[in-house]
Amino acid sequence: WLNRQGWFTAATLFLLLWLLADATYSLYIGNGIHDTALLFFSAIVTLGGLLLRRRAYLILVLLSIGAIFFIIFAEVNDWIVTPFRSQTDYGDIVMITAFLGAQALSVALLINSYFQSLQSERRNAQILRALLNASTDPMFLVDAEGHFIDMNDALLSLVGHSKNELLGIRLYNIPSPNWFEASKALLNEIVQNGRPIQKEECLGDSWFNSHFVPILDENGKTYRIAIYFRDITTYKKAEEEIRNLNSELEQRVVERTAQLEAANHELEAFSYSISHDLRTPLRSINGYAKILDEEFSRELPAEAHDYLAKVLHSGEEMSLLIDNLLDFSRLGRRPLNRQPVELGLLIQTVIDSLAPETAHRQIEWKLAEMAPANADPILLQQVYANLIGNAVKYTGKCAVAQIEVGSLDQQAERVYFVRDNGVGFDMKYADKLFGVFQRLHNDHEFEGTGIGLATAQRIIERHGGRIWAEGEVGQGATFYFTLP
């Protein structure tokens, strides 16, 4: 307040002028200004540097040097006579001026550095204070006995007191929240061992996460403690809810697993029923039909022979369909045996197995060299058998069939494909291609059971890949799949 009113500056100037007058008077009892200036004027320069601002300090230094010039000039010309006669000459002007100038510069640099350091510390303290107040967690500093020394705004908001009201009060004397009262034991523990403490504890209906960090003196004893804590009741409730949900989820998994196991048992029973209960009458039908055809063919009319041939053909189709259904149902239970697979050798094996169907046809094979794939070799062979088999089947009406098997890199993944120039398909029915018993052509055009592509899709999906097709009616089709 005094500085704002100018009293402090006025008092400082008065003191410096008094020292200047005192220095001048002392010339009469000393031995000239060259003895007294080093003491009194040095004191004036030093004190002025501490108390005055830059512009006032510069004026003070110039006034002091000007006073010295005047006093030396007065002594040399006997305007001032000391009791012991002055021994001052003009050479002292250079010496004293240089001395005071160097001293003034040194003091100015030191004072400037000091104030810059003070300003930097003040700025750092402001930044630290802003950071502390930006935190929503209560943070504060106490001494070894628990008395508040400093704190952030979050603590003041929590306890409902001002900073002045808390300073000097012991933290465990604050009644709310419960954490303060319970912190006394932790405070004593950290004072004794001097090690940081982090603790979660439940106090009443609330949970707190507390951190105590000791500040040690030069003797290694705790004299200050930095503390912050967080009310984690909401997090604990959320954790409890998550645990309950996990427990409920685990129970659901157990129930769903039991249901899945039951469904698998039912599927196995169904497979057994197909393989035994359905095959037995089917074998009987086929057997009796063959007996009729072989032993009573002469007695049957031509129309009956046609009916009998249809029965035999339908029986064979039914037997093939049962075999395909059983193979399809076993895919989910068969474990994967992934290993590097040489695709060239595997594809050639598939083509060789189709020799009876391709022996009397003109087919141009285009087989690309491909890197080994990581897959189950038996299941992957079944995929290629289905895809290449379909390519052979649906190019049956082409004079020259063209079938290409290869791979390409697409969006950082390897894509395998089988392409043909057969009858193709309409893309609006593409979603039906991989369904069980979903066929886009009837048996009169192309024979089949509608299981092959569904089997291929299930195998690729078990490997973690995907399969899709592109085609155009009369322009052929391309089937793609990936193997991660």
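Note that the structure is a prediction, hence the values are computed from the model and not measured.
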Would the distance check show the side chain of [X] and the main-chain N or O of [Y] forming a donor-acceptor pair, the cut-off being under 3.5 Å?
{"X": "Asn219", "Y": "Lys221", "answer": "no"}
{"X": "Gln192", "Y": "Glu189", "answer": "no"}
{"X": "Arg224", "Y": "Ile215", "answer": "no"}
{"X": "Arg462", "Y": "Gln457", "answer": "no"}
{"X": "Thr482", "Y": "Arg466", "answer": "yes"}
{"X": "His463", "Y": "Asp376", "answer": "yes"}
{"X": "Thr257", "Y": "Val253", "answer": "yes"}
{"X": "Asn152", "Y": "Met139", "answer": "yes"}
{"X": "Asn386", "Y": "Leu453", "answer": "no"}

Pair Glu240-Lys236, salt bridge (Lys or Arg N to Asp or Glu O under 4.0 Å): steps then yes or no: CA-CA 6 Å; Glu240 183 65 24; Lys236 286 295 182 180; over 6 Å; no

Can you establish whether the number of heavy atoms outside [X] located under 6.0 Å from its atom [atom1] is more than 12?
{"X": "Arg195", "atom1": "CZ", "value": "no"}
{"X": "Arg414", "atom1": "CZ", "value": "yes"}
{"X": "Lys199", "atom1": "NZ", "value": "no"}
{"X": "Arg243", "atom1": "CZ", "value": "yes"}
{"X": "Glu369", "atom1": "CD", "value": "no"}

Intermediate values then yes/no, side-chain contact (heavy atoms from CB on, under 4.5 Å), Ile127 and Arg123: CA-CA 6 Å; Ile127 294 172; Arg123 188 181 298 111; 4.3 Å; yes

Residue pair Glu461, Arg458: steps toward the salt bridge (Lys or Arg N to Asp or Glu O under 4.0 Å) verdict: CA-CA 5 Å; Glu461 287 179 349; Arg458 192 164 186 180; over 6 Å; no

Parallel, tilted or perpendicular: ring planes of Phe481 versus Tyr416, cut at 30 and 60 degrees: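 The rings of Phe481 and Tyr416 lie parallel, inter-plane angle below 30°.
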
